[in-house]
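Chain letters run A, B, ... following the sequence lines, proteins first and then strands; every chain starts at 1. Treat the numbers as computed from the prediction; the structure is a model and nothing was measured.
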2 protein chains.
Amino acid sequence: MHQPEHLKSAGLKSTLPRLKVLDLFENSKERHLSAEDVYKQLLSSGEDVGLATVYRVLTQFEQAGLLVRHHFEGGKSVFELNKGEHHDHIVCLQCGHVEEFYDTAIEARQEKVATELGFTIRDHSLHIYADCTKKKCPHKRLRMPPGTH
Amino acid sequence: MHQPEHLKSAGLKSTLPRLKVLDLFENSKERHLSAEDVYKQLLSSGEDVGLATVYRVLTQFEQAGLLVRHHFEGGKSVFELNKGEHHDHIVCLQCGHVEEFYDTAIEARQEKVATELGFTIRDHSLHIYADCTKKKCPHKRLRMPPGTH
DNA sequence: TTGCAAATAAGAACAATTATCATTCGTATA
DNA sequence: TATACGAATGATAATTGTTCTTATTTGCAA
């Protein structure tokens, strides 16, 4: 359960809160978690962490390359373990579930478009918001704030 | 300068603040403006509007289909006149300028990917963050908050 | 004109996040 | 193993972007 090496190699001290957060991401069923999610799950596991620490640790992990941050519509940041390989996301508007995909053609066209416009890509995000057509979708409607289109 | 018809047909009363905001979008050099941008520009034009009104009007215009809202990285919402045709965005990390593009291949592949995964697309956003290679780029560095990757 | 619902301005309230700061913890070293 | 010091933490204040509340004003139909 403890992987202090991950932290060590990232130049981070191996502290309880950091180990707990990392552990949570590695064992959670949902890959994508917000700061609030992490905080609440740690609390309900009996851990005693501060919300500020959660935010700090998440940001540090992001900078260390352990986590990747996403800004889906809805305002809050969402994190996932960095698998090393880039991928895009499709978010289910019914249940909020996030699926990942990677399409070579899309990636290639992006490069082409950017080059033609005189840009060098540093980063990109492609978010598809969709309705799940499978029946296994829990239909737990995702809160979509006004402003979501 | 006044286009009350736009408002009328959207079912909105033709009020001063609404006309001013609409006017600003139609005459501004920058297509993409945040609520703060709109508020400050109106103030410096000698107009007397409240920030709350700006937010309300922007949201109403979005719902009426006059404006489109985007969530670029950085937290704040950005609006632009709705031209009717969907397009994606490439944001210059140097100066913050936003260029628009549309690529049929990308759009088609998205549909394909979503269908294969069992989703029906409702909306999507593709944001490319890039460095401008042209010399005309003002190099007024865009504030990129921590959390931006 | 007048009346009244709709819209506004100002500021309080809110949610997500970051900053501050006194206390505690991890760990290199003695 | 004890200890000392800087790094990390938790509690809470502060900030930021946005929405809500309310008293007042405005657009417009009769």
Side-chain angles (χ1 to χ4, degrees), chain A residues 2-22 32-40 42-43 46-64 67 69-79 143-149, chain B residues 2-22 32-40 42-43 46-64 67 69-79 143-149:
Chain A
H2 291 209
Q3 299 90 344
E5 327 80 46
H6 290 188
L7 296 176
K8 283 275 178 53
S9 63
L12 294 169
K13 250 185 210 173
S14 160
T15 68
L16 249 307
R18 285 175 182 159
L19 289 171
K20 295 301 182 187
V21 170
L22 198 49
H32 302 81
L33 302 172
S34 68
E36 189 82 24
D37 293 336
V38 172
Y39 179 62
K40 283 186 178 161
L42 288 184
L43 281 198
E47 304 300 333
D48 181 27
V49 288
L51 180 55
T53 300
V54 170
Y55 274 103
R56 244 177 327 207
V57 169
L58 290 176
T59 300
Q60 291 162 343
F61 282 5
E62 183 202 5
Q63 286 164 350
L67 296 180
R69 181 194 302 248
H70 300 292
H71 300 273
F72 297 139
E73 293 182 6
K76 36 174 68 172
S77 290
V78 171
F79 300 81
R143 170 183 58 87
M144 293 300 270
T148 299
H149 53 290
Chain B
H2 291 209
Q3 297 91 346
E5 328 80 46
H6 290 189
L7 296 176
K8 284 274 179 54
S9 64
L12 294 169
K13 252 184 210 175
S14 162
T15 68
L16 248 307
R18 286 176 181 159
L19 289 170
K20 295 300 183 186
V21 170
L22 197 49
H32 301 81
L33 303 172
S34 68
E36 189 81 25
D37 293 336
V38 171
Y39 178 61
K40 283 185 179 160
L42 289 184
L43 281 197
E47 305 299 334
D48 181 29
V49 288
L51 179 55
T53 300
V54 170
Y55 274 102
R56 234 176 305 130
V57 169
L58 289 176
T59 300
Q60 290 163 342
F61 282 6
E62 184 203 3
Q63 286 164 350
L67 297 178
R69 182 194 301 248
H70 300 291
H71 301 274
F72 296 141
E73 292 185 5
K76 39 173 66 172
S77 290
V78 171
F79 299 80
R143 168 182 61 85
M144 292 300 270
T148 300
H149 53 288

Work out which heavy atom in A:Pro17 is nearest to a heavy atom in A:Val49; give both atom names and the distance. CB-CG1, 4.2 Å

Taking only residues two or more places apart in sequence, or in another chain, which ones meet B:Ser77 in a side-chain hydrogen bond (donor to acceptor under 3.5 Å, both in side chains)? B:Arg69

Taking CD from B:Gln63 and P from C:dA7, how many angstroms apart are they, rounded to a whole number? 12 Å

Taking only the side-chain heavy atoms of B:Lys13 (C-beta and beyond), determine which of D:dG27, C:dT27, D:dA8 contains the nearest atom. D:dG27

Without decimals, in angstroms, what is the distance between B:Gln60 CD and C:dT8 C1'? 11 Å

Heavy-atom side-chain proximity of B:Phe61 to B:Leu7 below 4.5 angstrom: yes

Nearest-Å distance, CG (A:Leu12) to C1' (C:dG26)? 13 Å

Check this one for me: any side-chain N or O of B:Ser77 less than 4.0 Å away from OP1 or OP2 of D:dT18? yes

Specify the separation, in whole Å, of atom OH of B:Tyr39 and atom C1' of C:dG11. 11 Å

Between P on C:dA16 and CD on A:Glu73, what's the gap in Å once rounded to a whole number? 16 Å

Would you say the side chain of A:Leu43 lies within less than 4.5 Å of the side chain of A:Lys40, judging by non-hydrogen atoms? no

Measure from CG on A:Leu42 to C1' on D:dT9 and round the result to the nearest Å. 14 Å

Interatomic distance where CG belongs to A:Leu7 and P belongs to D:dA7 [whole Å]: 17 Å

Nearest to the side chain of A:Thr15, heavy atoms from C-beta on, is which of C:dT18, D:dT18, D:dT9? D:dT9

Taking only heavy atoms on the protein side, list every residue of residues 48-57 of chain B lying under 4.0 Å from any atom of DNA chain D, sorted numerically. B:Leu51, B:Ala52, B:Tyr55

Taking only N and O in the side chain of B:Lys76, is any of them less than 4.0 Å away from OP1 or OP2 of D:dG17? yes

pair B:Arg18-B:Leu12: side-chain heavy atoms closer than 4.5 Å: yes

Please give, in whole Å, the distance from C:dT17 C1' to A:Glu62 CD? 13 Å

How would you list, by chain and number, every residue that makes a salt bridge (charged side-chain N to carboxylate O under 4.0 Å, His left out) with B:Lys13, sequence neighbours excluded? none

Candidate pair A:Arg56 and A:Thr53, rule side-chain hydrogen bond (donor to acceptor under 3.5 Å, both in side chains), full reasoning: CA-CA 5 Å; A:Arg56 244 177 327 207; A:Thr53 300; 3.0 Å; yes

